[in-house]
Amino acid sequence: ALLRRRPGLRGRDDVSALDIGCGTGGMLIALAKAYPRGRVVGVDTEPRSVEKAVARIRAAGLEDRVEARLAAAEEVDERSAFDLVTMIQVLHETRQEVRDSILSRIHAALRPGGVLLIIDDPYPHELGALRDAPAAALTQFVEAFMGNFLLSPENQQQIVERAGFQVLSQMIPAPGLICLTIAQRS
């Protein structure tokens, strides 16, 4: 419902969407159901996840308009092909040296006016704020073992804006475990 009210998406059932880090395809199927005349593409680097996504797409009878690809986010090369791009719990898992490239490619993949939705773990901008966000400290500790580092909402916004997006809204709903960023390609 949050996205369906956005200009460019409002009242449409034919939205073309790209899910970065699609995993086993849950978001792909949800997007296909939300936009029954739309095309949905997902990319992920984990072969077993993509295999599972393909099986789920087939079982749902959506293979005519939903696709899961084994590919890295930095390999997305479509131009003005999508109305919506989603990154759910992915931004902090991207390598810092390719993060700007990924966001630039996403910007290019969106049509003018297209929407980017990022949902990711927030990390306090200042260390003192960790007292109010103990879950962030624990999450960062676990993620560091995998080579991932959480970004503060301010850092997330800077990265998105550097790629040419206009951030429309950013919020951290209670209890503060996720940061939801909605941006638009001008």
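Computed over heavy atoms, backbone and side chain alike; hydrogens, waters and symmetry mates excluded.
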Min side-chain heavy-atom separation [X]-[Y] under 4.5 Å:
X      : Y      : value
Ile178 : Ile172 : no
Asp120 : Leu151 : no
Phe82  : Val41  : yes
Arg105 : Asp77  : yes
Leu31  : Val15  : no
Val76  : Ile106 : no

Are any side-chain N or O atoms of [X] and backbone N or O atoms of [Y], one a donor and one an acceptor, separated by less than 3.5 Å?
X     : Y      : result
Arg79 : Ala108 : no
Asp83 : Gly114 : no
Glu74 : Ile102 : no

Partner set under salt bridge (Lys or Arg N to Asp or Glu O under 4.0 Å) for [X], not counting sequence neighbours:
X     : answer
Asp14 : Arg12
Arg48 : Glu46
Asp13 : Arg37

### Message
Testing the basics here: between Gly23 and Ala53, what is the closest heavy-atom pair and its distance to 0.1 Å?
### Response
O-CB, 3.6 Å
Using the test side chain to side chain donor-acceptor pair (under 3.5 Å), find all partners of [X] that sit at least two apart in sequence or belong to another chain.
X     : answer
Glu67 : Arg69
Asp64 : none
Gln96 : none

Pairs under 3.5 angstrom only: tabulate donor-acceptor contacts from the side chains of residues 159-168 to other protein residues two or more places apart or in another chain.
{"residue": "Glu161", "atom": "OE2", "partner": "Gln157", "partner atom": "NE2", "Å": "2.9"}
{"residue": "Arg162", "atom": "NE", "partner": "Asp100", "partner atom": "OD1", "Å": "3.3"}
{"residue": "Arg162", "atom": "NE", "partner": "Asp100", "partner atom": "OD2", "Å": "3.4"}
{"residue": "Arg162", "atom": "NH2", "partner": "Asp100", "partner atom": "OD1", "Å": "2.9"}

Going by atom type alone, with no hydrogens or angles, which donor-acceptor pairs under 3.5 Å involve a side-chain atom of residues 179-186 and a protein atom two or more places apart or on another chain?
{"residue": "Thr181", "atom": "OG1", "partner": "Gln170", "partner atom": "NE2", "Å": "3.0"}
{"residue": "Gln184", "atom": "NE2", "partner": "Gly113", "partner atom": "O", "Å": "2.9"}
{"residue": "Arg185", "atom": "NH1", "partner": "Ser80", "partner atom": "OG", "Å": "3.4"}
{"residue": "Arg185", "atom": "NH1", "partner": "His107", "partner atom": "O", "Å": "3.3"}
{"residue": "Arg185", "atom": "NH1", "partner": "Leu110", "partner atom": "O", "Å": "2.3"}

Return the [atom1] to [atom2] distance between [X] and [Y], rounded to the nearest 0.5 Å.
X      : Y      : atom1 : atom2 : answer
Arg65  : Leu28  : CZ    : CG    : 11.0 Å
Leu117 : Ser169 : CG    : OG    : 9.0 Å
Leu116 : Leu84  : CG    : CG    : 8.5 Å

### Message
According to side-chain contact (heavy atoms from CB on, under 4.5 Å), who are the partners of Val90, at least two apart in sequence or on a separate chain?
### Response
Ile20, Met87, Thr94
### Task
Would you list the pairs meeting ring-ring contact (aromatic ring centres under 6.0 Å, His included) in which at least one residue belongs to residues 23-59, sequence neighbours left out?
none
### Message
Tell me which pairs pass side chain to side chain donor-acceptor pair (under 3.5 Å) where either residue lies in residues 15-29, with sequence neighbours left out.
### Response
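Of all non-adjacent pairs touching residues 15-29, those that pass side chain to side chain donor-acceptor pair (under 3.5 Å) are Asp19-Thr86, Thr24-Arg56.
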#### Entry: Hydrophobic cluster (4.5 angstrom, side-chain heavy atoms) - remaining members for Val50
Val54, Leu70
